[in-house]
Amino acid sequence: MRHVISLTGRNLMSFGHSYYSIHRINGNAEIERDPFYTSDIVYSSSNPCWNNILLNNLYTKKYVNQIHINVWDAGLVPCKLFEIDINISELLYIEVDVWDIVFPYNSIVLNLVDGPYITPDTYKKIRNDLQYATLNSVLQFDTKLMFSTKNMIEMIEFSSKLEAYDNVFNTMRDKEEKRLQDKLFYNSRVREKNIKSERIAQLKLKLKRLNDDIESKNETFLTMKKKLSPRLETYRNSFVTILAMKDEIEKIHYDFNIERMKLEQLKFVVKAFVVQYVSQLRNLYNIEKVNKTEYSIMGHTLPNANFYNVDEEEMSVALGNVAHVLLLLSRVLDVPLRFPIHPMGSRSMIEDQISKPGKYPLYPRTERTRFIYAVYLLNINIHMLFVSQGLKFNRKRDLRATLPNLDLLQYKIEQSIQKEISKNSVQ
């Protein structure tokens with residue numbers, strides 16, 4: 001019974017809902033009342049395929065060969081559709097698909113491990129009944145394709161014997177392999193021992209040669225030691241002198257570090273002074289925006305590029321103030337201007353010592369070309385101060401915007417030095 005996987009009903013005369021129960025037939029050919037297995041209910045089908053039988057429930061101490069099956073109609077009040085006694089050893093195997101066969105009413109198909117089986121009565125009805133024989137003649141249903149479960153059990157027993165013989169053979173083979181492996185291992189150990197013995201003899205000979213060589217080198221070493229003893233004494237004296245010089249160098253290094261710390265403190269004071277000085281310059285020479293194109297310094301307006309239709313005296317005063325601020329910034333930052341400035345208030349001058357040597361006026365009451373060139377040199381000085389302090393000058397900014405660039409320069413210098421002071425104070 002443990003080889004039965006599931007049951008399938010064919011052409012059941014029921015209202016559509018069905019299940020089955022399996023009862024054991026004891027040795028007195030009596031059917032036990034209580035089933036040892038009850039299937040699930042399959043709804044709305046006259047050809048139900050019930051779920052697989054739970055094998056754990058069928059593992060009994062006694063071998064189950066004969067069973068009694070009751071097929072029930074699962075209505076409001078369950079009623080028995082039919083019952084059938086089955087001898088599992090007399091079942092017949094069918095090789096064709098069960099769904100291609102027209103079965104008699106209330107037929108049961110047992111699905112075993114190796115395929116579907118039917119009872120001899122069902123087989124006789126299929127073969128002998130004219131109605132079913134005519135329908136199944138197309139399938140060429142032949143007894144040559146069938147064998148009983150008795151044959152299957154004999155084949156299983158024969159397979160078990162073959163498996164036992166294989167186990168015995170495998171055991172003997174494993175023992176023989178182990179014996180051969182032990183023998184090979186012993187032979188390999190013997191070979192290793194012989195190889196090691198030969199190697200030891202070679203090493204002993206090599207050791208003797210090395211000892212002789214060491215003795216010869218020792219004699220040479222003693223001879224060289226006698227020759228090098230005076231030099232060794234000289235090196236010792238030199239080492240003592242070097243140690244004394246080392247102490248002196250460490251003392252000098254210590255004094256140098258003290259002086260460096262003083263210098264750092266002095267730099268800190270100088271930077272603080274520069275920040276204060278630049279801040280005072282910004283407050284003294286106050287730059288304010290008048291409109292989109294004009295700025296003023298100390299209340300004197302200076303346009304960015306267009307110097308026409310502007311009060312010349314006011315523009316001269318503004319450029320004189322710019323020249324004075326640039327001169328003071330260059331001195332406090334210790335950066336020489338590329339184009340030297342000669343501050344004289346509203347009559348300030350700027351000197352070109354590179355491309356067009358000469359002094360150029362920063363006031364418009366002269367030749368207009370020389371004046372515009374002087375303003376250009378003044379703007380170049382502002383740009384060079386940007387570069388000297390490591391500040392970025394945006395390429396999109398107009399170089400001709402004198403007052404906005406000067407105000408940005410002072411602001412950037414002040415912010416840069418303040419960041420450096422705060423960083424050093426944290427360290």
Side-chain angles (χ1 to χ4, degrees), residues 1-94 97-99 101-127 129 132 146-157 159-160:
M1 184 61 198
R2 63 178 179 274
H3 300 291
V4 180
I5 297 177
S6 64
L7 271 67
T8 302
R10 299 304 306 273
N11 291 337
L12 301 185
M13 299 178 65
S14 68
F15 294 105
H17 312 325
S18 59
Y19 68 95
Y20 66 88
S21 60
I22 304 177
H23 303 258
R24 185 183 290 108
I25 299 177
N26 57 26
N28 298 326
E30 296 179 353
I31 301 172
E32 294 183 0
R33 179 178 179 181
D34 297 327
F36 64 87
Y37 180 79
T38 302
S39 73
D40 59 308
I41 299 174
V42 176
Y43 296 92
S44 302
S45 177
S46 60
N47 297 295
C49 295
W50 293 287
N51 289 336
N52 291 350
I53 299 174
L54 299 176
L55 296 179
N56 291 337
N57 295 337
L58 303 181
Y59 280 133
T60 56
K61 294 183 179 180
K62 295 182 180 181
Y63 177 75
V64 179
N65 188 34
Q66 292 185 347
I67 57 175
H68 179 81
I69 297 177
N70 291 330
V71 180
W72 302 83
D73 185 344
L76 296 176
V77 178
C79 63
K80 187 188 297 183
L81 291 176
F82 67 94
E83 58 184 354
I84 184 172
D85 293 335
I86 294 177
N87 189 334
I88 296 176
S89 61
E90 295 178 355
L91 294 175
L92 298 176
Y93 174 74
I94 53 176
D97 190 352
V98 296
W99 298 101
I101 302 173
V102 179
F103 283 88
Y105 290 110
N106 295 335
S107 297
I108 291 293
V109 178
L110 287 83
N111 298 308
L112 275 64
V113 176
D114 56 339
Y117 284 76
I118 58 176
T119 61
D121 293 338
T122 303
Y123 171 71
K124 289 178 181 179
K125 289 180 180 180
I126 294 174
R127 294 294 299 169
D129 194 310
Y132 302 113
M146 307 182 65
F147 60 89
S148 65
T149 53
K150 183 177 182 181
N151 302 128
M152 183 190 70
I153 295 171
E154 290 176 355
M155 291 171 64
I156 294 174
E157 292 177 353
S159 176
S160 301

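Fair warning: this is a prediction, and the values are worked out from it, not measured in the lab.
Residues satisfying the side chain to side chain donor-acceptor pair (under 3.5 Å) test with Asn106, not counting sequence neighbours, are none. Annotation: side-chain contact (heavy atoms from CB on, under 4.5 Å) contacts of Ser46 (sequence neighbours excluded): none.
The distance from atom OH of Tyr117 to atom CD1 of Ile86, rounded to the nearest 0.5 Å, is 13.5 Å. Summarising the geometry, atom CH2 belonging to Trp50 is positioned 8.5 Å from atom OG belonging to Ser45; distances are rounded to the nearest 0.5 Å. Note that CD1 of Ile108 is 12.0 Å distant from CD1 of Ile118, once rounded to the nearest 0.5 Å. Atom CD1 of residue Ile67 and atom CG of residue Leu110 lie 6.0 Å apart, to the nearest 0.5 angstrom. The structure places CG of Leu81 at 5.0 Å from CG of Asp73, a figure rounded to the nearest 0.5 Å. Atom-to-atom distance recorded for Ile53:CD1 and Thr38:OG1 is 11.0 Å, nearest 0.5 angstrom.
Judged by distance alone, with hydrogens and angles left aside, the side-chain atoms of Ser39 form no donor-acceptor pair with the main-chain N or O of Tyr19 at under 3.5 Å.
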_Pair Thr122, Leu92 - check side chain to side chain contact (heavy atoms under 4.5 Å, CB included), show working._
CA-CA 10 Å; Thr122 303; Leu92 298 176; over 6 Å; no

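Using a 4.5 Å heavy-atom threshold, the side chains of Leu12 and Pro48 count as touching. Looking at Leu7 and Ile69, their side chains come closer than 4.5 Å, going by heavy atoms from C-beta outward. Taking the side chain as every heavy atom from C-beta outward, Tyr37 and Ser21 never approach each other to under 4.5 Å. At least one side-chain heavy atom of Asn47 sits under 4.5 Å from a side-chain heavy atom of Asn11.
In terms of heavy atoms, Lys125 sits closest to Pro104 at CB-CG, 3.7 Å. Smallest separation of non-hydrogen atoms from Lys80 and Trp72: N-CE3, 3.6 Å. Taking all atoms of both residues into account, the shortest heavy-atom contact from Val42 to Cys49 is CG2-O, 4.0 Å.
Residue pairs that meet the salt bridge (Lys or Arg N to Asp or Glu O under 4.0 Å) test with at least one member in residues 25-40, sequence neighbours left out, are Arg24-Glu32.
Side-chain contact check for Ser89 and Asn87: at least one donor-acceptor pair (N or O, by modelled atom type) lies under 3.5 Å.
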